[in-house]
Amino acid sequence: MNFIQQAYKGENSWLTYVGTFLLVIFGWQLIGVLPLLAVAVMHSADMNEFSRAAENSFMGLGINSSLYLFLLIFTFAMGLLFLFIGVKYVHKRSFTSLVTSRNRIDWKRFWFGFITWGILAGLMIIVGLFITPENYTWNFKAVPFFTLLVVSLLFLPFQTSFEELLFRGYFMQSLGILVKNRWFPLIFTSVVFGLMHGANPEIDKLGYVAFVFYIGTGLLYGITTLMDEGTELALGLHAVNNIVAAFFVTTDWTVFQTDALYIDTSEPSVGWEMFFPVFVLYPLLLFVFSKKYGWTNWKENLFGKIEKPKENLQNEQYSLIEDTY
């Protein structure tokens, strides 16, 4: 069974999808937000200040940046936990089937994606430092930085894993067996993934052109998942991308405002770093992955049809026979 067909292993009535979706929203947007709300209340002088801060996701209350990052990650961790509950106990299938079509999760793939993109992303930042050093201010402070490093390395993968397993896992598999093809889930999840970042402050500062990066990144993760029949590479790519973004360079207008090594003091603008990854590095990554893992038959893997596995059809026929008698 290929990656999308893994959804056939469990229950697939419309009630299971509604139930799981509500569970994820409950865990992510209600249970997960409670600690952040509690800390925000403690840092607010009154309800007016609390309300004003809420409009900016509580970034203006003087909360320690690493604590704030952890509280944000906690919301995604709760979303991931309730996604696990939905898949395991509502759809009644293994969580591994949401991650990969393989019998077990291939962590070597995760680490290959993590290390490969970590090197490329780090090199991009270093090139930027050399090209325009006047735009960057050294910001190293030992205790805040190493606190940030620990929070980033240990907890940011919860945030990125939730996003990957929700979009490239749950939504891609669910849509795939609904529309019976691969291309629609790929396009749909990539576009929605990109639009989901519309609430990020980068969109206000850079304009809608920033969606090129977000949707392009969603396409990279989606293509990688379909070609590799699993999310392991995409999980590694996404995790290291956000980790590097958190501890290497920060600004006062991006979604991650942290105690990073450098502060970018330049005015927000659209430059080469917006398009170079999407149109140069992402195709290069796909080429490297295809050579390493022997990807073939791109047309079928990205645009082919999805059919119900024969064993599922046979089980349904047996059930009909039993119901008749």
Practice item. Verify side-chain contact (heavy atoms from CB on, under 4.5 Å) between Leu261 and Trp138, making sure each step is shown before the conclusion. Key: CA-CA 6 Å; Leu261 288 176; Trp138 180 246; 4.0 Å; yes

Exercise for review: Start with the C-alpha distance between Leu285 and Thr224, add both sets of side-chain angles, then the distance that settles side-chain contact (heavy atoms from CB on, under 4.5 Å), and finish with yes or no.
Suggested key: CA-CA 9 Å; Leu285 274 176; Thr224 300; over 6 Å; no

**Study point:** Full working for side-chain contact (heavy atoms from CB on, under 4.5 Å) between Val191 and Phe211
**Key:** CA-CA 9 Å; Val191 171; Phe211 283 124; over 6 Å; no

Practice item. Please step through side-chain contact (heavy atoms from CB on, under 4.5 Å) for the pair Leu286 and Met227, ending with a clear verdict. Key: CA-CA 9 Å; Leu286 292 173; Met227 291 303 304; over 6 Å; no

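No path of Ile, Leu, Val, Met, Phe, Trp and Tyr side chains, each step under 4.5 Å between heavy atoms, connects Ile263 with Val127, placing them in separate hydrophobic clusters. If you chain together hydrophobic residues whose side chains sit under 4.5 Å apart, Phe287 and Leu219 never meet in one group. Residues Phe247 and Val143 do not share a hydrophobic cluster, clusters being chains of Ile/Leu/Val/Met/Phe/Trp/Tyr side chains in contact below 4.5 Å.
Between the side chain of Thr20 and the backbone N or O of Tyr17, no donor-acceptor pair lies under 3.5 Å. With hydrogens and angles ignored, the 3.5 Å screen pairs a side-chain donor or acceptor of Ser101 with a backbone N or O of Glu229. With Thr250 contributing its side chain and Ala260 its backbone, the two residues share no donor-acceptor pair below 3.5 Å. Side chain of Asn12 to main chain of Gly10: a donor-acceptor pair is present (N/O by atom type, distance under 3.5 Å, no hydrogens or angles). A donor-acceptor contact shorter than 3.5 Å is absent between the side chain of Thr231 and the backbone of Ala234. A donor-acceptor pair is defined here as one N or O able to donate and one able to accept, closer than 3.5 Å; such a pair exists between the side chain of Asn301 and the backbone of Thr296. When atom types are taken as modelled, the side chain of Lys92 and the backbone of Tyr89 share no donor-acceptor pair closer than 3.5 angstrom. Using a distance-only test at 3.5 Å, with no hydrogens or angles considered, no donor-acceptor pair links the side chain of Glu164 to the main chain of Gly169. Under a 3.5 Å cut-off, the side chain of Ser190 and the backbone N or O of Gly218 do form a donor-acceptor pair. Put simply, the side chain of Ser161 never gets that close to the backbone of Phe158: no donor and acceptor are under 3.5 Å apart.
Between Asp264 atom CG and Thr132 atom OG1 the span is 7.5 Å, to the nearest 0.5 Å. Annotation: the span from Ile119 atom CD1 to Leu123 atom CG amounts to 7.5 Å, rounded to 0.5 Å. Taken from CE in Met78 to CZ in Phe162, the straight-line distance is 11.0 Å, to the nearest 0.5 Å. Residue Phe155 holds its CZ atom at 14.0 Å from CG of Leu72, rounded to the nearest 0.5 Å. Interatomic distance, Thr96 OG1 to Ile105 CD1, rounded to the nearest 0.5 Å: 4.5 Å. Between the CD atom in Gln5 and the CD1 atom in Ile306 there is a gap of 5.5 Å [rounded to 0.5 Å].
Between Leu165 and Phe84, the closest side-chain pair of non-hydrogen atoms is not below 4.5 Å. In this structure the side chain of Lys9 never reaches within 4.5 angstrom of the side chain of Gln173, judged on heavy atoms. A heavy-atom distance below 4.5 Å is not found between the side chains of Thr147 and Asp259. At least one side-chain heavy atom of Trp298 sits less than 4.5 Å from a side-chain heavy atom of Ile223. Between Ile31 and Phe26, some side-chain heavy-atom pair lies under the 4.5 Å cut-off. Within the 4.5 Å cutoff, the side chain of Val270 has no heavy atoms near those of the Phe213 side chain. Counting only heavy atoms from C-beta outward, the side chains of Lys205 and Thr251 never approach each other to under 4.5 Å. Thr160 is not listed as a side-chain neighbour of Val240, based on a closest heavy-atom distance of 4.5 Å or more.
Between Phe3 and Thr100, the shortest heavy-atom distance links the atoms CE1-N, 3.8 Å. Shown here for Ser269 and Glu273, the closest heavy-atom pair between the two residues is O-OE2, 4.3 Å. Closest heavy-atom contact between Gly113 and Leu237: O-CD2, 3.5 Å. Glu232 and Val99 get closest at one heavy-atom pair: OE1-O, 4.2 Å. Contact record, Tyr293 with Lys108: OH-O, 4.4 Å, taken as the closest heavy-atom pair. Scanning both residues, Leu98 and Leu83, for their nearest heavy atoms gives CD2-CD2, 3.9 Å.
The environment of CD in Glu300 is crowded: more than 12 heavy-atom neighbours from other residues, nucleotides or ligands sit within 6.0 Å. Residue-environment remark: NZ (Lys305) stays at or below the threshold of 12 foreign heavy atoms within 6.0 Å. Applying the 6.0 Å contact sphere to CG of Asn297 captures more than 12 heavy atoms from other residues, nucleotides or ligands. Annotation: Trp14, atom CH2; neighbour count of heavy atoms from other residues, nucleotides and ligands within 6.0 Å does not exceed 12. Atom CZ of Phe21 sits in a sparse spot, with 12 or fewer heavy atoms from other residues, nucleotides or ligands closer than 6.0 Å. Annotation for Glu134: atom CD counts as buried by contact number, over 12 foreign heavy atoms lying within 6.0 Å.
A donor atom on one side chain and an acceptor atom on the other are found under 3.5 Å apart for His91 and Tyr170.
The aromatic rings of Phe76 and Trp28 lie tilted to each other, with the angle between the two planes from 30° to 60°. Between Phe74 and Phe70, the ring planes lie tilted relative to each other; the angle falls in the 30° to 60° range. Taking the six-membered ring where the residue is Trp, Phe171 and Phe167 present perpendicular rings, their angle passing 60° and hence far from 30°. The aromatic rings of Phe140 and Phe146 lie perpendicular to each other, with more than 60° between the two planes, well past the 30° mark.
Centroid-to-centroid, the aromatic rings of His238 and Phe193 come within less than 6.0 Å.
Applying the salt bridge (Lys or Arg N to Asp or Glu O under 4.0 Å) definition to pairs two or more places apart or across chains, those involving residues 109-128 are Asp106-Arg109, Arg109-Asp228.
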